[in-house]
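In what follows, a single structure is set out as structure tokens and then discussed.
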Amino acid sequence: MLKGDDVFKKIIAHAKEYGFIFQSSEIYDGLSAVYDYGQNGSALKNNIKDYWWKSMVQFNENIVGIDAAIFMHPTVWKASGHVDAFNDPLIDNKDSKKRYRADVLIEDHMAKLDDKINKEVEKAAKRFGDSFDEAIFRQTNPRVLANQEKIDSIRKRFVKGLEENDLKDLKALIEDLEIVCPVSGSKNWTDVRQFNLMFNTQMGSLSEDSNLIYLRPETAQGIFVNYLNVQKTGRMKIPFGIAQIGKAFRNEIVARQFIFRMREFEQMEMQFFVRPGEEMTWYKHWKDERMKWHHSMGMPQSLYRFHDHDKLAHYANAAADIEFEFPFGFKELEGIHSRTDFDLGAHQKFSGKKLQYFDPETNESYVPYVVETSIGLDRMFLAILSQSYNEETLEDGSQRVVLNIPPMLAPIKAAVLPLMKKDGLAEKGREVMDLLKYDFMCTYEEKDAIGRRYRRQDAIGTPYCITIDHQTLEDNTVTIRERDTMQQERIPVEKVKNVVLEKIKYKV
Ligand code: GAP
């Protein structure tokens, strides 16, 4: 995968040029951290959703899917803890007037120290060659040890500051580490203060406080409040899961990195309800399953890693992220959280309605524990886009930009390209289109030289180009060109559908 700021800029430009992602309200100069998906982007996004939904709901007999409303009763957010605790600690630089998340400034500082360690390791690996023992080097090299010690002590103080909501010490830590504002270069910081991330609006008549409602900051609560409805109407037996895909909204103050951190985004979440005491077994199970899901798409496994949380959210007793190596480094892609009985317990208390399960095997009633898997759809999109983007120099010296999107997720699966419009080739092309378009997404193009048409399809990640030429009229064969190898093969028209279907089928 290509890396670095320049590559990331190219990916953003490519996403716009080829109809994947546009800035929201662009003609009005855009709306910050809000994006629209274009013709190819929405197709790719739908394919990711479809693969996730099928992997959860269709391939697991004990998981069902729902679609809850975005607006919910305001007490939901009081019960869930979001009104009181869904905050980011913010700090401003007085000289640049730029606002930052205090936790991110400190995490970035630790990441820089970690980079230093990795560079030492890389250098030593090169120097010692095959005889290099990384574990021993990490345990003995004085520079590595010194940096690791710094990271450990910063982390200890940082986690304590967050857990105890000690905003004074978070500021003191930033000052002690001599963190400077990347814009002004100064250390002239304001105090750290908490900022709630939920958007709110009024429902019905304005002005009355009781009409204040929130745009959901996570889809999970729509599942919790429907837990009993689904369990009863679906006659679900524990352990079972409820999955959902939908929009979530967060007033992110530091919204950066394109669609990585947005104010309106989509989540694909699954809450798995289990017997109390069994949650750690299921937590491990879902960590493994979700990593397998990521690997099943065929992107390099080295791009993924687990990261256990330093500070647990108010609802969790264990949590890990699946991180992905984006062009700007390893960052969170998905969270797996053991949420205990926090949410159902809180909704039971605030609503006054029992949210218990009678377990026929143990003859007991209890509030189930929950293991959650939560992935940002837009982040998954960005992971695929950034991993897929490649610039190649071909044998003849020419260049191509190709998106090596996993074929099952590609927006368009096959392009039908008559070599020319005349001599009946266009009509034959339309015939081939009709043969394929009911089974998968196809496109038809007859303009421009064939090489240019191939490049356009490469640039949007189409796995197959099917060319109709004069020989097609004689023996009903076409050439089929594969995107990644650019190899061409002549095959009978009636075989095309199966070749494409074989390539794009889900490989779980
Ligand atoms: N229900 C649990 C929950 O919402 P989270 O870690 O806050 O947990 C889950 O969010 C996932 O949602 C993240 O791993 C990320 O992929 C995605 N996500 C969170 N905030 C986002 C944002 N502002 N923009 C895009 N994706 C976001």
Side-chain angles (χ1 to χ4, degrees), residues 21 24 31-35 37 45 48-49 52 68 70 72 76-77 80-82 85-88 101 103-104 107 195-199 214-225 227 241-272 283 286-287 290-291 293-294 304-324 326 328 330-340 342-344 346 370-386:
I21 299 172
S24 159
L31 184 64
S32 163
V34 185
Y35 291 90
Y37 286 81
K45 202 174 174 205
I48 301 171
K49 282 194 217 183
W52 183 89
I70 287 171
M72 302 181 76
V76 166
W77 304 109
S80 67
H82 284 82
F86 195 54
N87 300 320
D88 273 348
R101 270 175 58 178
D103 55 335
V104 172
E107 275 168 3
F195 180 88
N196 193 286
L197 296 181
M198 281 197 293
F199 285 102
Y214 298 97
L215 271 71
R216 67 180 178 200
E218 62 169 9
T219 59
Q221 299 303 324
I223 295 180
F224 291 125
V225 298
Y227 151 74
I242 305 178
Q244 175 171 220
I245 301 177
K247 290 265 184 177
F249 304 84
R250 294 183 189 178
N251 196 2
E252 301 281 2
I253 293 310
V254 188
R256 287 181 293 179
Q257 290 157 330
F258 194 35
I259 57 169
F260 181 80
R261 199 176 296 289
M262 302 157 89
R263 297 201 165 106
E264 174 181 339
F265 58 101
E266 249 176 295
Q267 289 186 316
M268 305 191 286
E269 298 201 298
M270 193 277 296
Q271 312 294 323
F272 200 71
Y283 171 67
W286 281 110
K287 265 178 82 174
R290 293 306 300 148
M291 192 57 109
W293 184 83
H294 285 283
Y304 297 91
R305 72 180 186 196
F306 280 116
H307 168 77
D308 291 321
H309 282 205
D310 291 326
K311 182 200 174 238
L312 294 174
H314 58 275
Y315 49 72
N317 68 357
D321 293 335
I322 293 178
E323 291 188 338
F324 183 82
F326 291 96
F328 42 84
F330 269 102
K331 295 274 179 219
E332 174 186 346
L333 171 60
E334 168 156 13
I336 295 109
H337 313 124
S338 172
R339 288 182 81 130
T340 67
F342 175 86
D343 301 271
L344 289 182
V370 171
V371 174
E372 163 185 77
T373 72
S374 174
I375 176 169
L377 173 55
D378 312 85
R379 273 193 204 174
M380 190 63 224
F381 187 109
L382 183 58
I384 290 167
L385 193 65
S386 42

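Every number for a ligand or one of its atoms is a count from 1 in the order of the listing.
Among the atoms of Pro217, none of the N or O lies under 3.5 angstrom from an N or O of ligand 1. Of the polar atoms of Leu333, at least one N or O is found under 3.5 Å from an N or O of ligand 1, judged by distance alone.
Protein heavy atom at the shortest distance from atom 26 (N) of ligand 1 is Phe265 CD1, 3.5 Å. Atom 12 (O) of ligand 1 has Gln267 NE2, 3.4 Å as its closest protein atom, hydrogens excluded (heavy atom only).
The residue among Glu266, Arg250, Lys331 with a heavy atom at the shortest distance from atom 5 (P) of ligand 1 is Arg250. Between the choices Met380, Arg379, Glu372, the shortest heavy-atom distance to atom 15 (C) of ligand 1 belongs to Arg379. Of the candidates Ser374, Gly376, Ala319, Ser374 brings a heavy atom nearest to atom 9 (C) of ligand 1. The option with the heavy atom closest to atom 3 (C) of ligand 1, from among Arg261, Glu264, Glu269, is Glu269.
Judged by a 6.0 Å distance limit and a 45° cone about the ring axis, Lys287 is positioned over the six-membered ring of Phe306.
Residue-level proximity to ligand 1 for Asp321 is absent, since no heavy atom of it falls below 4.0 angstrom.
Between atom CD1 of residue Ile375 and atom NE2 of residue His294 there is a gap of 4.0 Å, rounded to the nearest 0.5 Å.
Residue contacts with ligand 1 leave out Asp378, since none of its heavy atoms falls under 4.0 Å from the ligand. Under a 4.0 angstrom heavy-atom cut-off, Glu323 registers as lying outside contact with ligand 1.
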